[in-house]
Amino acid sequence: MRRLRLVVTSTAVAGGLLAGALPAAADAAAIPARYAGQALDWHACAPGELADLPPGTDISGLECSAYRTPRDWDRPADGQYLTIAISRLKSTGATTASVLTNPGGPGGAGRWFPAMLRGQGKLREHQEIIGIDTRGTGRSTNVTCGGAADTGADLDPRDRDPRNLNQIVDAVRYVATACHRASGELGSLISTFQNVRDLDLLRTLLGRDRINWIGYSAGTWLGAHYAQQFPQHTGRFVLDSSTQFTGSWQQSFDFQPAGYERRWRQDFLPWLARYDAKFHFGTTGEAARQTYESVRYALTREPVEVNGTKLGAVALDSFIVGALKAKSQFPTIATVLVRVKTLTDARSSAQVKDDARAALGKTLSEAKNTSPMGVAVQAGADDAMVSTLITTLCNDGPWKGNRQSLIRRSQEYLDQGVTVHSSLWMSMQVCAFWPGQPRPMPVLDGKGVPPVVIVQSEHDPATPIEGARKAHAAFQNSRMLTVTGEGDHGIYGIGGNKAVDKVVDDYLVDGVVPRDQSLPGLPLPTP
């Protein structure tokens, strides 16, 4: 459950600003020869070279390499460098283009991700698909928070005792201070500004004048910032499950509580009630919610032991938030809820509880990939992923808030009936207490950028549609595909929506720029 909580923190969301942007004219000439002249040594990837590889992923044909990049792009000639781990899935025909990918986070390891797009036949005909572990995470040079990021993870903000609330804020402040200290000088260099320059060096090493892009969640942020800084090297960019990249990270994350509540109340709970004959959790969405509230309250009084650890109310919230990003996980959420209900029911016999505990442990162990983008879930990757997330958000800045405003805002969410994401919202306010100084933020407006395509589901909880619409409105020459009746976080190539895939493929491969339009989503699963 600790790992699952860390997955959720990332989405998020998620899951997925470029500061101090250089003029577009700052091109390859700004890259020292020692970096621009590197040769990429491609070889077949071994499983151990792929951080956070979801179990059962087919990596046949995936090749790995790495390259050196300046440690600090403000001082590219000082001789200090980092290593960036990359991969490629070759095209099935003659290669004429490279499409770079990013699974989000920020901080999700992406070296294995091209394997997710293996089935995109039209895309692969002439384009190689490139995966990247961005600086700080995966098999690239790692950053660390020294294990501090999980501090206070079990504290419940729905307990409004002032002592508890102050303890939560103290924990958030501690994470900021401890992570800043543990990440050291490298921590200040984990940012969108540095990532964008790393990407342009990679473009040079791939021998491309222009690159294409498929970025999900926080990968929409990174892609949009690259396009704004290097429009002359921007090919066809797909921004799937979009952040509000024309604003701030804080604005994007502030959409999440309402987004998750919408997904919970309008999609999942009515679905759960529809199959009450199977799950016995409530015949209406509201009845199912009330049952959940009863189960959750029981966990606040006495957590249940599963797989040798305590499962409390906040951990259950976190699991649900992570799983709500993909409708394929709805049956798993329902199964977990039913078994937790059994374990908290005083009327259940000891044998029934033992059976439920064993089954719940098995379900949670198998639920390794609650995110469609597979953001870090395996042991050993958590610290690098979460540390990259925190340092990127805080270095990009700005992020406003203090003890009083955090407590007041969390109460406002609860007063609005926003509950399922309440624990995670407060934990994500780390950057309000970041000791470092963020870089000045440029404004993204899309001026001079070739057409980019935003793909967005209506009920996406991690990057809600309100933020995507704002980004679309503010970013000139962007197009938006709205997927109606859909709430998955991550659509193109991984959601099975052939209508969306066709429009995006026509754009990526043939250069057919779509008009703004709505396309239907896919139905919820039958358990």
Side-chain angles (χ1 to χ4, degrees), residues 1-2 4-5 7-9 11 152-161 164-165 167-168 171 256-273 275-276 279-307 309-325 329-348 352-353 356-357 359-361 363-364 367 370 410-428 461:
M1 293 309 298
R2 175 181 178 273
L4 288 169
R5 284 198 300 274
V7 172
V8 172
T9 306
T11 55
D154 294 324
L155 297 174
D156 186 359
R158 292 178 67 178
D159 174 1
R160 304 306 289 179
D161 185 311
N164 180 63
L165 295 175
Q167 189 176 2
I168 292 173
Q256 284 190 342
Y260 275 105
E261 197 70 26
R262 176 170 55 206
R263 179 69 157 163
W264 172 245
R265 294 199 188 215
Q266 296 185 26
D267 293 352
F268 175 75
L269 290 173
W271 175 89
L272 184 63
Y275 298 104
D276 186 61
F279 298 117
H280 308 292
F281 216 79
T283 57
T284 66
E286 178 58 22
R289 191 185 72 83
Q290 292 294 341
T291 302
Y292 174 76
E293 289 296 327
S294 299
V295 170
R296 189 188 189 283
Y297 177 76
L299 291 176
T300 66
R301 313 302 294 175
E302 185 177 358
V304 298
E305 186 172 332
V306 184
N307 291 341
T309 189
K310 295 291 186 180
L311 173 65
V314 174
L316 184 60
D317 283 348
S318 298
F319 170 75
I320 291 170
V321 165
L324 283 173
K325 291 182 290 180
Q329 295 293 320
F330 280 17
T332 300
I333 302 174
T335 300
V336 167
L337 291 179
V338 168
R339 288 167 180 165
V340 175
K341 177 186 174 187
T342 299
L343 290 171
T344 57
D345 190 343
R347 297 167 296 179
S348 300
V352 168
K353 286 188 175 183
R357 182 176 289 104
L360 177 59
T363 299
L364 293 177
T370 58
S410 67
Q411 183 62 56
E412 291 172 355
Y413 281 128
L414 293 174
D415 291 344
Q416 295 164 9
V418 175
T419 58
V420 72
H421 191 267
S422 58
S423 305
L424 293 166
W425 180 82
M426 288 197 76
S427 72
M428 286 306 304

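Using a 4.5 Å heavy-atom threshold, the side chains of P461 and R262 count as separate. Between T300 and D159 there is no side-chain heavy-atom pair separated by less than 4.5 Å. Between L165 and R160 there is a side-chain heavy-atom pair separated by less than 4.5 Å. Contact annotation: the side chain of L299 approaches that of V304 to within less than 4.5 Å [non-hydrogen atoms, C-beta and beyond]. Using a 4.5 Å cut-off on side-chain heavy atoms (C-beta onward), V295 and L337 make no contact. The closest side-chain heavy-atom distance from Y413 to Q416 is below 4.5 Å. Two residues are said to be in side-chain contact when any heavy atoms from C-beta on lie closer than 4.5 Å; W264 and R289 meet this criterion.
Remark: E302 pairs with no residue by the side chain to side chain contact (heavy atoms under 4.5 Å, CB included) rule, at least two apart or across chains. Considering only residues two or more places apart in sequence or on other chains, P303 meets the side chain to side chain contact (heavy atoms under 4.5 Å, CB included) condition with K310. Residues passing the salt bridge (charged side-chain N to carboxylate O under 4.0 Å, His left out) test with D161, sequence neighbours excluded: R163. D345 meets the side chain to side chain donor-acceptor pair (under 3.5 Å) test with R347; sequence neighbours excluded. R296 is linked by a side chain to side chain donor-acceptor pair (under 3.5 Å) to D156, D317, counting only residues two or more places apart in sequence or in another chain. Partners of Q167 under the side chain to side chain donor-acceptor pair (under 3.5 Å) rule, at least two apart in sequence or in another chain, do not exist in this structure. Shown here are the salt bridge (charged side-chain N to carboxylate O under 4.0 Å, His left out) partners of R158, two or more places apart in sequence or in another chain: E293. For F279, the ring pair (Phe, Tyr, Trp, His ring centres under 6.0 Å) partners at least two apart in sequence or on another chain are W271. Legend: residues meeting side chain to side chain donor-acceptor pair (under 3.5 Å) with R263, ordered by chain and number and at least two apart, are D267, D488. In this structure Q290 satisfies the side chain to side chain contact (heavy atoms under 4.5 Å, CB included) test together with E286, sequence neighbours excluded.
Between the side chain of S422 and the backbone N or O of V418 there is no donor-acceptor pair closer than 3.5 Å. Side-chain N or O atoms of T363 include none that pairs as donor or acceptor with a backbone N or O of V336 at under 3.5 Å.
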Take L360 and L311, measure what side-chain contact (heavy atoms from CB on, under 4.5 Å) needs, and give me the verdict at the end. CA-CA 11 Å; L360 177 59; L311 173 65; 4.1 Å; yes
For the pair E261 and T419, evaluate side-chain contact (heavy atoms from CB on, under 4.5 Å) and give the outcome as yes or no after the intermediate values. CA-CA 7 Å; E261 197 70 26; T419 58; 3.5 Å; yes
Could you walk me through whether R357 and L343 satisfy the side-chain contact (heavy atoms from CB on, under 4.5 Å) test, starting with their C-alpha distance in whole Å, then the side-chain angles of each, then the deciding distance to 0.1 Å, before giving a yes or no? CA-CA 7 Å; R357 182 176 289 104; L343 290 171; 3.9 Å; yes
Go through the steps for F330 and Y275 under the test side-chain contact (heavy atoms from CB on, under 4.5 Å), then give the verdict. CA-CA 11 Å; F330 280 17; Y275 298 104; over 6 Å; no
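Annotation for A288 and L269: closest pair CB-CD2, 4.0 Å, computed over non-hydrogen atoms. Of all heavy-atom pairs between T344 and A298, the closest is CB-CB, 3.7 Å. Closest approach of Y260 and V321 over heavy atoms only: CE2-O, 3.2 Å. What you find for M426 and I168 is that their closest heavy atoms are CE-CG2, 3.9 Å. Between A287 and G282 the shortest heavy-atom distance is CB-CA, 4.0 Å. Across all non-hydrogen atoms, the minimal contact from S427 to L424 is OG-O, 2.8 Å.
Note that the CG atom of D276 and the OG1 atom of T284 stand 9.0 Å from one another [nearest 0.5 Å]. Note: I320 CD1 to Y292 OH = 3.5 Å, rounded to the nearest 0.5 Å. Atom CZ of F319 and atom CG of L364 lie 5.5 Å apart (nearest 0.5 Å). Between atom NE2 of residue H421 and atom OG of residue S318 there is a gap of 8.5 Å, rounded to the nearest 0.5 Å.
Note on residues 411-420: pairs passing salt bridge (charged side-chain N to carboxylate O under 4.0 Å, His left out), not counting sequence neighbours, are R409-E412. Screening residues 332-343 for salt bridge (charged side-chain N to carboxylate O under 4.0 Å, His left out) gives no qualifying pairs among residues at least two apart or on separate chains.
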